There are 2 protein chains.
Amino acid sequence: MTTEQRPLRADAQRNLERITASAQVLFAERGTRAQMEDIAAHAGVGIGTLYRRFPTKEALITALVRQRFQEFAAIAAECEHITDPYEALATSMRRQAESIEGDAAFQLAMMNIDNFSWDGIDEDKSALNAILSRIIERAQAAGAVRADLGVEDYGMMMCGTTATMYFMHGEHGWQRHLDLVLAGLKPS
Amino acid sequence: MTTEQRPLRADAQRNLERITASAQVLFAERGTRAQMEDIAAHAGVGIGTLYRRFPTKEALITALVRQRFQEFAAIAAECEHITDPYEALATSMRRQAESIEGDAAFQLAMMNIDNFSWDGIDEDKSALNAILSRIIERAQAAGAVRADLGVEDYGMMMCGTTATMYFMHGEHGWQRHLDLVLAGLKPS
DNA sequence: ACCTGAACACCGTTCAAGT
DNA sequence: ACCTGAACACCGTTCAAGT
């Protein structure tokens, strides 16, 4: 909950941004095991300051995850403009997956590692889902995908793809998983 | 590496079995965060004893994961006897997935959480893959699945399915993910 | 208001002492 | 050979003191 109620004092705002940026870098690099102390040091602040903004490590990660979800929504919104209804759907998934390729922590998060409570993430998720629903319905109207496809399926497939992304780094990467899954979407 | 070189002294053997069983229970219940001390207590031994058999928590989990892989191989071997070539493949995936439904730690492990080194697991994996290759080839010869399907795809799909299993507990569960993925296997 | 870092708590791991 | 548990180390989190 990167709560930005009353504007922060200028230096505090700068610190907050540094913290978020450092956290993004270190978590992406090292996954969930990046250490709070290291993040604070990387941001050039004391740990106390970090904890003043984010009460727990979980809260910090949640903030980053929410940013990613907002990016997902932006990507989906762009893909809605693609003329071909099937490509709109497929491209959305592919581009979202590409956007998190270097971010180990988000991949872990996406798999719900450590049973995070994901405070506030439902808002972001439903904003995203609203767009995705439209994309899916258009594809269905065009007969490009199976009639029983739902938004939950979309999330599920992204979850599966993310898992293979984290798991397998070889040439047979997550693209392959996504291809298989996309092939399964065609009407039978 | 549950190394069983020279037979253990009777009491030590009994302790080892208790440890493995307790670890299985607690990890399944609580995921990777089950504590070593709790496992030792549950098994009725001191922590020192636990560490005498398994040098690290990782090694303990690895041992359990290897057991699961061996079970996977047993399941695959049974499924090889199914007459319908497509069903042999689909049933193998479905039954393997079912077998780990209650085991949170394995699900996490399957997703390579914490970058475990998976000592020795390659052996188990290749034993399993040998069987799976035969099942896949038979399905391909029968024209029941796409010609470009490989064993790595099998692992990838199980990985994705496991992730959704851990991630989503609703009615739209992992079965749905598996269905979508299986649908994608049919020759186009 | 916000910053700092020493101190605390928790849990994985070690090791000296015991049988 | 094997067992035990007190002690250590590491890292997330707190809080008293300072600006």
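Treat the numbers as computed from the prediction; the structure is a model and nothing was measured. Naming convention: chains lettered A, B, ... in sequence-line order (proteins, then strands); numbering from 1 in each chain.
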What residues form a side chain to side chain donor-acceptor pair (under 3.5 Å) with B:D179, not counting sequence neighbours?
-> B:R94

Of the nucleotides C:dC2, C:dG12, D:dT13, which one has an atom closest to the side chain of B:Y51?
-> C:dG12

Roughly, in whole Å, what's the span from CZ in B:F54 to P in D:dC2?
-> 13 Å

Salt bridge (Lys or Arg N to Asp or Glu O under 4.0 Å) involving A:E29 - partner list, sequence neighbours excluded = none

Find the distance B:D38:CG to C:dG12:C1' and express it as a whole number of Å.
-> 12 Å

Length of the CG-C1' vector between A:L50 and D:dT14, whole Å | 14 Å

One should read off an interatomic distance between A:E98 CD and A:I75 CD1, to the nearest 0.5 angstrom, of 8.5 Å

Which pairs pass side chain to side chain donor-acceptor pair (under 3.5 Å) with one or both residues in residues 39-51 of chain B, sequence neighbours excluded?
-> B:S22-B:H42

Looking at residues at least two apart in the chain, or sitting in another chain, which of them share a side chain to side chain donor-acceptor pair (under 3.5 Å) with A:R18?
-> none

Atom-pair distance (CG on A:L16; P on C:dA1), nearest Å = 17 Å

Between N or O atoms, less than 3.5 Å apart, protein on one side and nucleotides 5-7 of chain D on the other: list the pairs.
unit_1	atom_1	unit_2	atom_2	d
D:dG5	O6	B:G48	N	3.4

Residue set satisfying salt bridge (Lys or Arg N to Asp or Glu O under 4.0 Å) with B:E37, at least two apart, ordered chain then number -> none

Residue pairs meeting side chain to side chain donor-acceptor pair (under 3.5 Å), one or both in residues 71-80 of chain A, sequence neighbours left out, come to A:E78-A:R95, A:E80-A:R134

Got a sec, which residues hit salt bridge (Lys or Arg N to Asp or Glu O under 4.0 Å) with A:R14, two or more places apart in sequence or on another chain?
-> none

Whole-Å distance separating the CD atom of B:Q35 from the P atom of C:dC11 = 4 Å

For C:dC2, does OP1 or OP2 lie under 4.0 Å from any side-chain N or O of A:N15?
-> no

Cation over ring, A:K57 on A:F27, under 6.0 Å and within 45°?
-> no

Separation of B:D11 atom CG from D:dA1 atom C1', in whole Å?
-> 9 Å

With pairs defined as Watson-Crick or G-U wobble and both distances under 3.5 angstrom, please note down DNA chain C as a dot-bracket string, | for pairing with another strand.
-> ||.|||||...|||||.||

NZ of B:K57 versus C1' of C:dG12: gap in Å, rounded?
-> 8 Å

Given atom CZ of A:R33 and atom C1' of D:dG12, what is their separation to the nearest angstrom?
-> 16 Å

Taking OP1 and OP2 of C:dA1, is either one under 4.0 Å from a side-chain nitrogen or oxygen of A:R9?
-> no

Between C:dT13, D:dC11, D:dC2, which nucleotide gets closest to the side-chain atoms of B:L8?
-> D:dC2

